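Values in this document were obtained by computation on a predicted structure and should not be read as measured data. Positions are given from 1, in the same order as the sequence printed here. Atoms within each ligand, like the ligands themselves, are counted from 1 in listed order.
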Amino acid sequence: MTINIILLGPPGAGKGTQARILVEERGLVQLSTGDMLRAARTSGTEMGNRVAEVMDRGQLVTDEIVIGLIREKLSEGGNGFIFDGFPRTLAQSDALGHLLEETGMTLDAVVEMRVEDEALVRRITGRFTCGNCGEVYHDETRPTKEPGVCDVCGSTDLRRRADDNEESLKTRLLEYYKKTSPLIGYYYAKNKLKSVDGLAEVDTVAAEINSVLKS
Ligand code: AP5
């Protein structure tokens, strides 16, 4: 079944981890604005350099840039989308509503992933990802089977993000509570909000997401 969903939650809530599971299980397309912006920053363009500075500080990139990125991806089409890390402001939510309307799509659910701040710090400071296939790991809770080698694709290009440190995380959390958490009420009022306990183990969270998507 084709569905369009938003994964909403603070940095480290597990949005990327769950999006990858949903892609595999349901064949949806993951649209991660964080990944798109990380790709843009490696381009060496003026825009890429500006984006890199803002991301490293832990602040939000302008609505104009991220809405432009999502517009471009939606125009490529797909059989259902997972919006991962987008929208993050009320202006982005409004823009998404218009973009979906223009393309004849509807938003089926907004899954809020609840995780307390203390756990977020542990998750973010221990995270690393595969630079080749994007698989997400953690030093303690999800290490690679063979040290330094990705379990999925065998690449040794394992990376840590420049903004995964306690200082940037503090700003990222402030930005989340100030600008993104109002979306919880926004989507609740539209009867789209489903909340899950993001503190549970990865498979348990995935099962809960499947269950709320069925209801
Ligand atoms: P983005 O890349 O979107 O980062 P984020 O929202 O801060 O979220 P993260 O990717 O850090 O965490 P996640 O929830 O995906 O968790 P993950 O699954 O990796 O954005 C980065 C920056 O880009 C922003 O700060 C901003 O500057 C800019 N940006 C992006 N989108 C924007 C927008 N729309 N507007 C403006 N600016 C934008 O998991 C984290 C760790 O926890 C991993 O190690 C994982 O293995 C582990 N883990 C996951 N689930 C569990 C579990 N259930 N139990 C135990 N460990 C778990």
Side-chain ion pair, R20 and E24, N-O less than 4.0 Å: no

Nitrogen or oxygen of G126 less than 3.5 angstrom from that of ligand 1: no

Closest candidate by heavy atom, reference atom 54 (N) of ligand 1, pool R142, E201, R38, R123: R123

Lys/Arg-Asp/Glu bridge criterion (N-O < 4.0 Å) met for R172, D163: yes

Options T17, D35, D56, ranked by nearest heavy atom to atom 49 (C) of ligand 1, top entry: T17

Heavy-atom gap G9 to ligand 1 smaller than 4.0 Å: no

Enclosure of E166 CD (heavy-atom neighbours >12, cutoff 6.0 Å): no

Best match, E175, R88, H138: closest heavy atom to atom 24 (C) of ligand 1: R88

Residues D56 and R41 bridged, charged N to O under 4.0 Å: yes

NZ/NE/NH1/NH2 to OD/OE distance under 4.0 Å, D139 and R123: no

Winner among K179, R172, R57 once heavy atoms are compared against atom 7 (O) of ligand 1: R172

Non-neighbouring partners of S181 that pass side-chain hydrogen bond (donor to acceptor under 3.5 Å, both in side chains), sequence neighbours left out: none

R161 to ligand 1, any heavy atom closer than 4.0 Å: yes

N or O pair under 3.5 Å between A200 and ligand 1: yes

Backbone or side-chain N or O of G85 under 3.5 Å from ligand 1 N or O: yes

Any N or O of L37 closer than 3.5 Å to N or O of ligand 1: no

Any N/O pair L199/ligand 1 closer than 3.5 Å: no

Min heavy-atom dist A19 to ligand 1 below 4.0 Å: no

V136 N/O under 3.5 Å from ligand 1 N/O: no

Short N or O distance, Q59 and ligand 1, threshold 3.5 Å exclusive: yes

D84-ligand 1 polar pair, N/O distance under 3.5 Å: no

K192 charged N/C atom sitting above Y188 aromatic ring, 6.0 Å / 45°: no

G14 N/O to ligand 1 N/O under 3.5 Å: yes

Test side chain to side chain contact (heavy atoms under 4.5 Å, CB included) applied to T2 and N79, D108, L28, the passing residue: N79

Within-cut-off N or O pair, D163 and ligand 1, under 3.5 Å: no

Pair D84 + K15, salt bridge at N-O below 4.0 Å: no

Proximal ligand 1 atoms for V202, defined as those under 4.0 Å from one of its heavy atoms: 50 (N), 51 (C), 52 (C), 53 (N)

Sub-4.0 Å heavy-atom contact, G198 with ligand 1: yes

